[in-house]
Peer 1: 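Pasting a structure below so you can have a look.
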Amino acid sequence: MSRPEMVDFVVNRIVDPILQALADAGRRRIVERLSRSPLPASTIAEPMPMSLPAVMKHLAVLEANGIVRSQKLVGCGTYRLEPAARRELEA
């Protein structure tokens, strides 16, 4: 694969989906909250102007795109930013 093809591959397969996931203001706000510390979905939803099910859908999109990761702990899921996504967002 030539260098331009490799760049196109990275942009089309990795960067574009992340940018599309972050195009939504609600998802960006969730990422901003998770940048401070891992949180349960219910805590993420508390100050948000949307329902817990809506927050869960946004978290699913972020997780599907490798931006956050969920971890099930005693009855509730906790979400955190993926280290690789965090480095990309801070770059």
Side-chain angles (χ1 to χ4, degrees):
M1 193 179 295
S2 72
R3 188 156 183 86
E5 289 171 335
M6 179 63 80
V7 170
D8 286 344
F9 174 81
V10 169
V11 169
N12 292 331
R13 297 288 176 115
I14 299 170
V15 177
D16 279 353
I18 291 171
L19 292 176
Q20 288 173 3
L22 294 173
D24 182 88
R27 289 194 282 269
R28 288 193 306 274
R29 187 165 179 206
I30 290 170
V31 167
E32 189 273 326
R33 295 207 61 219
L34 290 174
S35 71
R36 293 183 225 136
S37 67
L39 296 169
S42 59
T43 303
I44 295 168
E46 284 174 4
M48 302 287 282
M50 63 182 88
S51 66
L52 178 58
V55 168
M56 295 296 296
K57 287 181 183 180
H58 285 301
L59 286 165
V61 170
L62 293 169
E63 190 166 18
N65 286 285
I67 299 168
V68 302
R69 178 186 294 172
S70 64
Q71 179 181 13
K72 302 294 179 200
L73 301 171
V74 191
C76 72
T78 298
Y79 291 83
R80 66 178 179 86
L81 282 180
E82 276 288 354
R86 181 182 207 112
R87 285 189 297 273
E88 288 298 318
L89 294 169
E90 290 173 349

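Quick note: numbers below take in every heavy atom, side chains included, and nothing from hydrogens, waters or symmetry partners.
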Peer 1: Can you name the residues that form a side-chain hydrogen bond (donor to acceptor under 3.5 Å, both in side chains) with Arg80, not counting sequence neighbours?
Peer 2: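 Scan of Arg80 (side-chain hydrogen bond (donor to acceptor under 3.5 Å, both in side chains), adjacent residues dropped) gives none.
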
Peer 1: Here's a test for you: under side chain to side chain contact (heavy atoms under 4.5 Å, CB included), which of Val68, Ile30, Leu62 qualifies with Tyr79?
Peer 2: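 Of all the options given, the one that passes is Val68.
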
Peer 1: From Ile67 CD1 over to Leu22 CG, what is the distance, rounded to the nearest 0.5 angstrom?
Peer 2: 4.0 Å

Peer 1: Just distance, no hydrogens or angles: give the donor-acceptor pairs under 3.5 Å from side chains in residues 31-38, sequence neighbours left out.
Peer 2:
| from | atom 1 | to | atom 2 | distance (Å) |
| --- | --- | --- | --- | --- |
| Glu32 | OE1 | Arg36 | NH2 | 2.7 |
| Glu32 | OE2 | Arg36 | NE | 3.3 |
| Glu32 | OE2 | Arg36 | NH2 | 2.5 |
| Arg33 | NH1 | Thr43 | O | 2.9 |
| Arg33 | NH1 | Ile44 | O | 2.9 |
| Ser35 | OG | Glu32 | O | 2.5 |

Peer 1: Show me the donor-acceptor pairs, under 3.5 Å and distance only, between side chains in residues 51-59 and residues at least two apart or in other chains.
Peer 2:
| from | atom 1 | to | atom 2 | distance (Å) |
| --- | --- | --- | --- | --- |
| Ser51 | OG | Ala54 | N | 3.2 |
| His58 | ND1 | Arg27 | NH1 | 3.0 |

Peer 1: Can you see which heavy atom on Pro49 is nearest to which on Arg29, and at what distance?
Peer 2: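 In this case the closest contact between Pro49 and Arg29 is CD-NH1, 3.3 Å.
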
Peer 1: My understanding is that only residues two or more places apart in sequence, or in another chain, count here; which of them pass side-chain hydrogen bond (donor to acceptor under 3.5 Å, both in side chains) with Glu63?
Peer 2: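 For Glu63, the residues satisfying side-chain hydrogen bond (donor to acceptor under 3.5 Å, both in side chains) (neighbours in sequence not counted) are Ser70.
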
Peer 1: State yes or no: do Leu39 and Met48 share one hydrophobic cluster built from I, L, V, M, F, W and Y residues joined by side-chain heavy-atom distances below 4.5 Å, directly or via other members?
Peer 2: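 Same cluster: Leu39 reaches Met48 through Ile, Leu, Val, Met, Phe, Trp or Tyr contacts under 4.5 Å.
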
